[in-house]
Structures are given as structure tokens and as C-alpha cells.
Protein chains: 2
Amino acid sequence: MRSRVICNALAPEAREALGRLGRIQRYPRGTTLVWEGEDSRIVANLLSGVLKLSSSTADGKEQILGVAYPSDFVGRLFAPVASYRVTALTDVEVCLFSRTAFEAFAREHPALEHALLEHTLADLDRAHAQLLDLGRRSASARVAAFLLDLSQRLAEARCAAAGGDGQPLDSFDLPLDRQQIADLTGLAIETVSRTLQKFHRAGIIALAGRRHVEIRDRARLATIAEA
Amino acid sequence: MRSRVICNALAPEAREALGRLGRIQRYPRGTTLVWEGEDSRIVANLLSGVLKLSSSTADGKEQILGVAYPSDFVGRLFAPVASYRVTALTDVEVCLFSRTAFEAFAREHPALEHALLEHTLADLDRAHAQLLDLGRRSASARVAAFLLDLSQRLAEARCAAAGGDGQPLDSFDLPLDRQQIADLTGLAIETVSRTLQKFHRAGIIALAGRRHVEIRDRARLATIAEA
DNA sequence: GGCCCGCGTTGACCGGAATCAAGGCGCCCG
DNA sequence: CGGGCGCCTTGATTCCGGTCAACGCGGGCC
């Protein structure tokens with residue numbers, strides 16, 4: 001399996017040239033890096049931490065479109081305005097590029113555009129899965145699917161960073177608070193809370209503190225997520 | 001504005017070479033070209049007609065992930081299995097390619113991969129808009145948004161084919177029946193029917209026959225779609 | 001270590017859309 | 001032009017999840 005970091009598609013010298021275009025930047029939890037509707041001037045590679053990509057209705061209800069983990073590429077290439085907001089869910093470290101400079105560089109390096117294409121197709125697959133969830137699944141199924149997806153993606157991010165084995169994690173801290181889980185799953189915060197407690201009482205998961213989760217019965221969770 | 005057909009990104013000789021890889025094929029309405037979960041062996045360019053891309057839950061509820069119009073590229077590159085079903089909503093004419101042959105050709109032609117990237121990013125934008133709809137909007141807003149989007153995309157497809165001006169159409173035939181609109185908007189068929197009748201009684205649209213729609217008050221429809 | 005703020009949980013109630021159940025009627029066929 | 005099938009509409013009822021409201025409690029801060 002190839003690395004998930006897009007710049008690894010490049011030869012070492014090209015990678016170094018790209019590195020010179022970018023600059024490392026840190027932001028504290030809660031910072032919004034890009035607002036929906038504003039000029040799309042930057043794109044970024046997420047080095048550490050977790051970002052949310054979100055959009056909202058005119059009357060202020062928010063929907064999280066996706067969550068980015070370390071090694072993910074973030075930003076909308078080839079569009080003058082950003083169509084979603086990008087916010088740090090944890091302290092984050094990103095490698096920022098000027099969108100236009102990055103685009104020009106990509107034009108010169110087909111391998112990079114190829115990697116971006118594969119990455120974007122994977123994002124599209126995830127969006128499709130989320131569409132099925134939001135359109136056709138119950139609250140329980142959505143929360144179960146969220147937990148399973150999170151455990152998988154945290155494991156992948158850890159793998160990309162530290163060379164773990166990519167097996168899903170059974171015990172982890174939620175990078176999202178209850179409201180954010182609600183925004184991701186298209187539910188109300190109370191429904192998220194009730195559903196998590198229901199899983200807890202059923203012995204499917206364990207909850208400790210506000211953020212810690214342990215998956216105790218992955219198979220049952222998967223069954224619930226299917227329906 | 002560049003053409004929306006991806007092969008127009010190529011120089012004439014390359015376009016001809018690509019043409020030799022593909023073959024034109026017609027299918028009657030209702031044909032499923034690709035099943036979800038089966039080997040992903042083909043990709044295609046839609047020449048005429050309308051396709052739906054859909055996925056379903058274990059218990060059989062369907063969600064339409066997107067609808068493809070003439071000039072759209074369809075299929076999942078770089079994945080061994082198809083993640084969604086592709087079905088003809090009308091009689092269609094497509095230019096079919098072997099997925100692997102197309103991929104190899106794209107590797108040799110960076111301009112094609114670039115066009116595919118832009119196309120995929122546009123698909124992702126549409127999926128994001130649909131996520132906001134399904135997660136956070138009422139039945140009325142979803143149906144209104146569907147009608148507006150359809151009128152826009154039918155106009156674009158007509159533009160790509162016949163050189164129209166790309167202005168949204170106010171009068172058109174629905175390529176989808178009520179059940180398919182329900183599957184696209186994540187609603188029940190009865191809710192779709194009731195909502196359309198409500199718009200009709202309010203004078204926002206006119207309905208004639210089963211398929212014909214005329215948008216009479218686009219501004220009001222847009223307001224409803226926003227909420 | 002105690003206090004307090006804000007996130008999370010729980011309960012009561014409500015409402016929008018799903019579901020269940022009949023008809024109506026457009027449209028294709030003979 | 002008439003019949004009948006299948007799509008569509010309409011109505012009655014249910015129920016899931018949203019909303020409103022109050023309380024609990026974890027964890028940060030003094």
C-alpha cells in the first residue's frame with residue numbers, strides 16, 4: 001500500500017521543491033482556517049490534529065461534510081471561492097500552500113495531479129457513504145457508523161504517522177464533542193447523547209469521561225450500522 | 001467557459017486515439033450498466049440520456065447518489081469494485097471504455113487526468129450540497145432544491161449538446177418518476193407527491209401529465225430551497 | 001480541594017414525515 | 001375508443017427524532 005500523503009507521489013527533488021512552496025503553520029483548537037464563501041486562496045496538507053469541513057443552511061443549522069485526519073489534503077483546487085468552512089477540532093499543524101501556486105506546481109507534476117485525483121475519488125466515496133447514511137438510515141445506524149468509521153480513520157492516521165498496522169482501534173478519544181457528532185450525523189445533540197447511552201447500557205461500547213470511547217462489541221455495532 | 005466533456009481537454013490526435021479505445025453503446029431505459037459490488041471493469045462518457053448512480057441499505061432502501069447528464073463522465077477509476085449502481089433513467093447512448101485501458105491512457109495524458117480531477121471535484125461539490133440537503137433541510141426544501149438543480153443541469157446538458165445559452169429551463173420533463181425523486185431526496189414517495197402538489201396549489205409550479213413540470217415562480221422556489 | 005461554567009444527560013411533549021391503506025387517473029394497449 | 005395496469009394522489013394514523021426544559025456532573029480554575 002502506498003502512502004496516503006499526496007506529496008509522496010513525487011520524486012525526492014520535486015517533493016523538496018513543493019516543500020519550499022509550503023509553510024508549516026500551527027493553529028489552536030477552534031480556529032477556522034477558511035470560511036465558506038470567501039476567496040479560496042489556500043490549500044493544505046494536514047500534518048497533525050483533526051479538521052472539520054462544514055457548511056450551513058441560511059437559518060444556521062450546520063452539517064459537517066467531512067472530517068480530515070493527518071495526511072489528508074484539504075481545500076478546493078480550481079475554484080475561486082471556498083464552498084465549505086474548515087475548522088480545527090483539535091490543535092492542528094498544517095502545511096499551507098497558496099492555492100494558485102499549488103495548482104501551477106501540480107500542472108508541472110502529473111504524478112501529483114494523479115495522487116490528488118485518487119484522493120478526491122476517495123473523498124467522493126466517503127461522501128456517498130454519508131449520503132446513504134443521512135438519506136436512508138436511522139439515528140442508531142448513523143451513530144454506529146460514525147464510531148466505526150472514526151476508529152478506522154484514526155487507525156489509518158496513526159499508521160500514516162507512526163507506522164502502525166492500520167487495524168481499527170477499539171479505544172480512543174473522540175475528536176468531536178456531542179454537538180459536532182450531531183452536525184456530522186445530521187441529528188440533534190440530544191439524539192446523539194441518547195443513542196450513545198443506549199449503546200453503553202447495551203454493553204456495545206464503554207464511555208469514560210466526556211471524550212473517551214471503547215468499542216466492546218464491534219460486530220454488533222456493525223450490524224446496527226448496516227440496518 | 002471550457003467544454004464540460006472531458007475528452008475536449010485533449011489535442012485532436014490524442015482525442016482520436018482515445019476514441020479508438022471506446023465504443024458507442026445504446027441501452028434502453030431501465031438497464032443497469034453496473035451493479036454495486038461487482039468488478040469495476042468499465043467507465044463511460046454519457047452522450048445522451050440520463051443515468052442515475054445509486055446505492056442501497058441492507059434492507060433495500062435506495063439512495064440516489066447523483067444523476068448524470070449528457071457530457072458527464074461516469075464510473076469509478078482506480079477501484080477494483082464499483083461502489084454504486086448505474087442505471088439508465090431514459091434510453092441512453094454512452095461511450096464505453098475498459099476501466100484499466102482508460103486509466104493507462106490517462107497516465108499518458110496529464111491533460112486528461114487534470115480534466116478528470118476538475119470533474120471529480122465538481123461531483124464532490126454536488127455531493128456536499130446534497131449532504132446539507134439530506135442532513136439539515138425539510139422535505140419542501142429538498143424538493144424545491146431538486147427542481148432548481150434539475151432545471152439548471154438540463155439546461156447545461158442542452159448547452160453542451162446544442163450550444164444553448166445555459167440559462168435554466170422553466171419548462172421540462174422530469175427524467176425521474178416519483179419514486180426516483182424520493183430516492184434522490186431521501187424522502188418517501190408520498191411526501192414527494194404531496195410536496196409537488198403543494199407547490200402546484202401555491203402556483204409555484206405547474207404540473208401537466210405525470211412528467212411535465214413548469215417553474216412559474218423561481219424566486220419563491222429558491223426561497224423555499226434555502227430554508 | 002471546592003466552586004462554577006459549560007457540556008452532557010434525561011425527561012416530557014410535539015411535529016413532520018413515514019407508513020399503512022384506499023382510490024383516481026394517465027397512458028398504453030388492444 | 002374502451003379497458004386495465006401501474007403510477008400517482010390523497011387520507012388516516014403512527015412513530016422517530018426534534019424541540020423545549022431542567023438537571024447533573026466533569027474538569028478546569030482559583
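Chain A is the first sequence line, chain B the second, and so forth, proteins listed ahead of strands; every chain is numbered from 1. Note that the coordinates shown come from a computational prediction; the quantities given were computed from them, not determined experimentally.
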What is the distance, to the nearest angstrom, from the [atom1] atom on [X] to the [atom2] atom on [N]?
| X | N | atom1 | atom2 | value |
| --- | --- | --- | --- | --- |
| B:Lys61 | C:dA17 | NZ | P | 16 Å |
| B:Leu187 | D:dG17 | CG | C1' | 15 Å |
| A:Leu176 | C:dC7 | CG | P | 14 Å |
| A:Leu174 | C:dG8 | CG | C1' | 13 Å |
| B:Ile224 | C:dG16 | CD1 | C1' | 16 Å |
| A:Leu207 | C:dT9 | CG | P | 7 Å |
| A:Gln179 | C:dC7 | CD | C1' | 11 Å |
| B:Arg178 | C:dA17 | CZ | P | 18 Å |

>> For A:Asp177 and A:Arg210: C-alpha separation, side-chain torsions, deciding distance, then whether salt bridge (Lys or Arg N to Asp or Glu O under 4.0 Å) applies.
In response: CA-CA 8 Å; A:Asp177 64 27; A:Arg210 289 175 173 178; over 6 Å; no
Can you tell me how far apart [atom1] ([X]) and [atom2] ([Y]) are? Round to the nearest 0.5 Å.
| X | Y | atom1 | atom2 | value |
| --- | --- | --- | --- | --- |
| B:Tyr69 | B:Arg153 | OH | CZ | 5.5 Å |
| B:Arg136 | B:Leu131 | CZ | CG | 11.5 Å |
| A:Arg194 | A:Leu187 | CZ | CG | 11.5 Å |
| A:Ser55 | A:Gln63 | OG | CD | 8.5 Å |

May I ask you to decide whether [X] forms a salt bridge with [Y], counting only side-chain N to carboxylate O separations under 4.0 Å?
| X | Y | value |
| --- | --- | --- |
| A:Glu62 | A:Lys52 | yes |
| B:Asp170 | B:Arg218 | yes |
| B:Arg178 | B:Glu190 | no |

> Yes or no on side chain to side chain contact (heavy atoms under 4.5 Å, CB included) for A:Lys198 and A:His200, after CA distance, side-chain angles and deciding distance?
Replying inline: CA-CA 5 Å; A:Lys198 192 177 70 180; A:His200 182 45; over 6 Å; no
> When you look at B:Leu132 and A:Lys61, which way does the side chain to side chain contact (heavy atoms under 4.5 Å, CB included) test go after all the steps?
Replying inline: CA-CA 9 Å; B:Leu132 185 58; A:Lys61 283 180 287 190; over 6 Å; no
>> Can you confirm whether or not the ring centre of B:Phe97 sits under 6.0 Å from the ring centre of B:Phe73?
In response: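 No - the distance between ring centres of B:Phe97 and B:Phe73 does not fall below the 6.0 Å cut-off.
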> What does nucleotides 23-30 of chain D look like as a protein-contact string, B for base, S for sugar-phosphate only, - for none, at under 4.0 angstrom between heavy atoms?
Replying inline: --BBS---
> In residues 189-205 of chain B, which ones come under 4.0 Å of DNA chain D, going by heavy atoms?
Replying inline: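 Those residues whose heavy atoms fall under 4.0 Å from DNA chain D, taken from residues 189-205 of chain B in numerical order, are B:Glu190, B:Ser193, B:Arg194, B:Gln197.
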>> Within residues 131-149 of chain A, which residues have any heavy atom lying less than 4.0 Å from an atom of DNA chain D?
In response: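 Going residue by residue through residues 131-149 of chain A, the ones with a heavy atom under 4.0 Å of DNA chain D turn out to be A:Ser138, A:Ala139.
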